[in-house]
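Beneath this line is the structure, given in structure tokens, with notes to follow.
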Protein chains: 2
Amino acid sequence: MMELKTRPRTAQTLREALEDDIAVGRYPPGSRLDEVTLAKRFAVSRTPIREALIELSVAGLVEIRPRRGAFVRDIGISRLVEMFQVMAELEAMCVRLACRRMTAQEQAELVAAHEACILAADQQTPDGYFHANERFHEAIYAASHNGFLAEQARALQNRLKAYRRLQLRVRNRVKGSLAEHQAIVDAVLEGDAEKAENVLRSHILIQGERFNDFVASLGEQRS
Amino acid sequence: MMELKTRPRTAQTLREALEDDIAVGRYPPGSRLDEVTLAKRFAVSRTPIREALIELSVAGLVEIRPRRGAFVRDIGISRLVEMFQVMAELEAMCVRLACRRMTAQEQAELVAAHEACILAADQQTPDGYFHANERFHEAIYAASHNGFLAEQARALQNRLKAYRRLQLRVRNRVKGSLAEHQAIVDAVLEGDAEKAENVLRSHILIQGERFNDFVASLGEQRS
DNA sequence: TCAATTGTTTTTGTATACAATCGAATGGAT
DNA sequence: ATCCATTCGATTGTATACAAAAACAATTGA
């Protein structure tokens with residue numbers, strides 16, 4: 001047994017805790033989320049656990065099959081590609097708007113985030129790059145000045161988190177990602193909305209494709 | 001008092017029932033959704049009511065302020081415009097994909113839906129047009145062959161339902177909507193993805209603008 | 001040996017009971 | 001009369017109890 005009872009100090013919600021556990025692979029896709037087990041783990045009753053699971057199911061991370069329980073949603077590769085396609089379009093929309101509306105501070109933040117990415121890439125710390133990358137994209141969402149769009153983008157990014165993380169393991173992907181970021185920053189600073197949009201769109205789409213390759217290569221190894 | 005106890009025969013879920021009640025204006029924006037009242041109305045305990053409210057809050061229709069209850073989300077005019085902007089982009093993406101990938105049956109369904117719209121418009125029954133219109137857009141979502149995208153589009157359309165309904169009351173809007181539909185169908189049949197995308201995008205955006213006008217005109221009346 | 005049916009056990013779904021918090025009302029002081 | 005504090009009521013959040021359904025196991029029959 002010997003389970004850690006719960007996450008220590010941070011007063012996050014149950015939903016967030018479960019979200020992280022799923023993203024980090026503690027509960028792998030397809031696995032069953034037993035209510036009483038979770039209740040014991042977090043030292044609460046089943047009620048708040050159920051409520052958290054319902055939230056996650058609406059958010060799409062978990063699938064609740066009536067009368068038989070909650071399962072970590074196992075996203076097929078084709079659906080994953082679909083999700084990256086939508087993500088690409090949302091982000092493209094974000095930069096397009098950002099080009100027109102972003103303030104000087106927001107431009108500065110974008111550049112700063114980009115430089116943080118470069119730094120993190122130098123240090124060969126993939127997790128560091130992951131976080132810097134999140135900051136970079138967040139800067140774009142915020143600069144769109146469309147709060148609803150930003151929320152949608154964040155929500156979807158969150159759902160894809162686990163897969164994006166994996167994706168960075170692909171050979172030379174960090175380097176490529178960085179070059180694409182550079183092109184995006186350049187286009188934004190030039191005010192070339194169309195170019196920025198196109199570069200960002202393919203920056204995201206490429207992730208879906210690379211992930212596809214990644215999975216395919218796993219399949220080859222096995223055979 | 002004299003409340004109807006619950007919707008009669010249809011075995012919809014609690015969430016759907018509340019969704020409809022909100023869309024139809026039974027619970028206007030900003031109003032409080034008292035758990036015990038709802039529980040009595042639907043003749044269930046608070047537990048399933050709470051779970052439904054949580055679903056609605058994640059879906060964005062309801063806002064849960066901790067320790068003080070659930071409220072029908074009052075969407076400000078500017079946020080509404082933001083939502084229509086995103087909706088426009090999602091639908092544009094749908095037709096773009098649909099142009100490339102739709103089957104003959106799907107084309108036929110789109111045309112059929114369009115004809116149903118014309119019919120409903122002739123009969124001057126705004127609610128009839130509303131439903132025919134939903135069918136038309138659903139045809140486009142489905143034809144995108146991107147299941148995730150279709151889900152997102154449906155979800156957002158659902159959130160905007162109440163406002164789209166109101167919006168059709170604007171003078172000559174049905175006529176204009178119909179003309180736009182015709183242009184979309186034409187472009188799709190020609191296989192002109194770019195044209196279809198642009199027409200559909202402005203078809204949605206116009207709704208946000210018209211809604212804006214609508215609200216503004218209400219303001220004038222009051223003063 | 002395998003299939004099917006029945007009985008047991010586990011787990012979800014719902015109701016109810018209890019605890020904690022918020023807000024309104026009341027009362028007192030300036 | 002107004003403002004602040006305290007108390008009481010109402011309502012949310014959580015725990016527990018109960019009902020119903022599904023998964024599982026065992027036993028019986030072919």
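In what follows, chains are A, B, ... by sequence order, proteins preceding strands, each numbered from 1. As the structure is a prediction and not an experimental result, all values here were calculated from the model.
Nearest-nucleotide mapping onto DNA chain D: of Glu51(A) and Arg46(A), the residue sitting toward the 5' end is Glu51(A). When the nearest nucleotides of DNA chain C are assigned to Thr47(A) and Gly69(A) by heavy-atom distance, the more 5′-ward of the two goes with Gly69(A).
Checked by atom type and distance alone, the side chain of Arg101(A) never pairs as donor or acceptor with a backbone atom of Ala143(A) at under 3.5 Å.
In this structure the side chain of Lys161(A) never reaches within 4.5 angstrom of the side chain of Glu19(A), judged on heavy atoms. With a 4.5 Å cut-off on side-chain heavy atoms, Phe148(B) and Arg159(A) count as touching. Annotation: side chain of Val81(B) is not in contact with side chain of Leu205(B) (no heavy-atom distance under 4.5 Å).
Rounded to an integer number of Å, the gap from Arg65(A) CZ to dT11(C) P is 16 Å. Per the geometry, CZ belonging to Phe71(A) stands 13 Å off P belonging to dA22(D), to the nearest Å. For the pair Leu38(B) CG and dA15(C) P, the computed distance is 14 Å after rounding to whole Å. One can place CG of Asp34(B) at 18 Å from P of dG9(D), the figure rounded to the nearest angstrom. Atom CG in Leu53(A) sits about 15 Å away from atom P in dT11(C), given to the nearest Å. Taking atom CD1 of residue Ile64(B) and atom C1' of nucleotide dT11(D), one finds them 14 Å apart after rounding to whole Å. As rounded to whole Å, 9 Å separates atom P of dA15(C) from atom CD1 of Ile49(B).
In this model, the phosphate group of dA23(D) is approached by a side-chain N or O of Arg68(A) to a distance below 4.0 Å at OP1 or OP2.
Using a 4.0 Å heavy-atom cutoff across all strands shown, Val44(B) reaches sugar-phosphate atoms only and no base atom. Nucleic acid contact class of Arg32(B) (heavy atoms, under 4.0 Å, all strands): sugar-phosphate only.
For Pro48(A), taking side-chain heavy atoms from C-beta onward, the closest of the listed nucleotides dT12(D), dA22(D), dA15(D) is dA15(D). Of the candidate nucleotides dA22(D), dG23(C), dA20(C), dA20(C) has the atom lying nearest to any side-chain atom of Arg67(B). Among the nucleotides dT14(D), dT12(C), dT11(D), the one closest to the side chain of Glu35(A) is dT12(C). Here the nucleotide nearest the side chain of Ser45(B), chosen from dT11(C), dA15(C), dA15(D), is dA15(C).
In this structure, Arg154(B) is not positioned above the aromatic face of Tyr141(B) in the sense of NZ or CZ being under 6.0 Å from the six-membered ring centre and within 45° of the axis.
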